[in-house]
Amino acid sequence: MASTTATAAEGQPRESRPRAKGTLYRGDLGMWSWVAHRITGVLTFFFLFVHVLDTALVRVSPNAYDTVINTYKHPLMIVFELGLLAAVLFHAFNGIRVMLVDFWSEGPRFQRPMLWTVLVLWLVLIIPAAISMITRAVTEMFGG
């Protein structure tokens, strides 16, 4: 009986790249973008969850709401805002890349250059934002 699929013994050997010491995963940058996409998605979800909860406080106790909002005005929270911005930007750009890979016929062929484009765009936007936000935090903390 003939088969149209090759067995593992008949198939061509897969290219094997040397595995980097200390890493469990044998993949490349694409896998790390997958991991980062999941992490930034979870972080964004938790931010939205906390945001809905703290906004709901206004109906329960306006004083508690005011207390929470005042903690958000602390200069240290600017660092968390920067982290949120970094997560949302990466998640958004990488999400567009994922959609292009999935729905554009040429997407899989260009997935690596698109990933580098995502990283460059992310850096181009996050570096000036980080400088501005950190400068504001330091100015608020130490005066200036």
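As the structure is a prediction and not an experimental result, all values here were calculated from the model. Values reported hereafter were calculated over all heavy atoms of this structure, with side chains retained and with hydrogens, waters and symmetry mates removed.
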Between I78 and I134, does the side chain to side chain contact (heavy atoms under 4.5 Å, CB included) criterion hold? Intermediate values first, please.
CA-CA 7 Å; I78 293 173; I134 301 272; over 6 Å; no

Under 3.5 Å side-chain donor-acceptor pair for S33 and R97:
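The answer is yes; a qualifying pair exists.
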
Does [X] use its side chain to pair, donor to acceptor, with the backbone of [Y] at less than 3.5 Å?
X	Y	answer
W122	F93	no
H91	H37	yes
T135	I131	yes
N94	F90	no

Flag side-chain contact, heavy atom, 4.5 Å: M99 against I96
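M99 vs I96: side chains touch.
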
Just wondering, do R136 and E81 contact through their side chains at under 4.5 Å, heavy atoms?
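When only atoms from C-beta onward are counted, R136 and E81 do touch, with a gap below 4.5 Å.
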
Restricting to non-hydrogen atoms, name the atom on [X] and the atom on [Y] that form the minimum distance, rounded to 0.1 Å.
X	Y	answer
A129	L85	CB-CD2, 3.6 Å
Y72	V50	OH-CG1, 3.7 Å
T44	T40	OG1-O, 2.8 Å
M77	T71	CG-O, 3.3 Å

Hphob cluster co-occupancy, [X] + [Y], side-chain heavy atoms under 4.5 angstrom:
X	Y	answer
L125	L119	yes
M114	V124	no
M133	I127	yes
V98	L115	no
L76	M141	no

Checking L43 against L84 for the side chain to side chain contact (heavy atoms under 4.5 Å, CB included) test, could you report, in this order, the C-alpha distance in whole Å, the side-chain angles of both residues, the deciding distance, and whether it holds?
CA-CA 8 Å; L43 291 174; L84 175 65; over 6 Å; no

Output the distance between atom [atom1] ([X]) and atom [atom2] ([Y]), rounded to the nearest 0.5 Å.
X	Y	atom1	atom2	answer
L48	T55	CG	OG1	10.5 Å
D54	T67	CG	OG1	12.0 Å
L100	F110	CG	CZ	11.5 Å
F47	F49	CZ	CZ	13.5 Å
R109	W104	CZ	CH2	7.5 Å

Stepwise side chain to side chain contact (heavy atoms under 4.5 Å, CB included) check, I126 with L82:
CA-CA 8 Å; I126 204 65; L82 179 59; 4.1 Å; yes

Under 4.0 Å between a side-chain nitrogen and a carboxylate oxygen: does that hold for E140 and K73?
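K73 and E140: not salt-bridged.
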
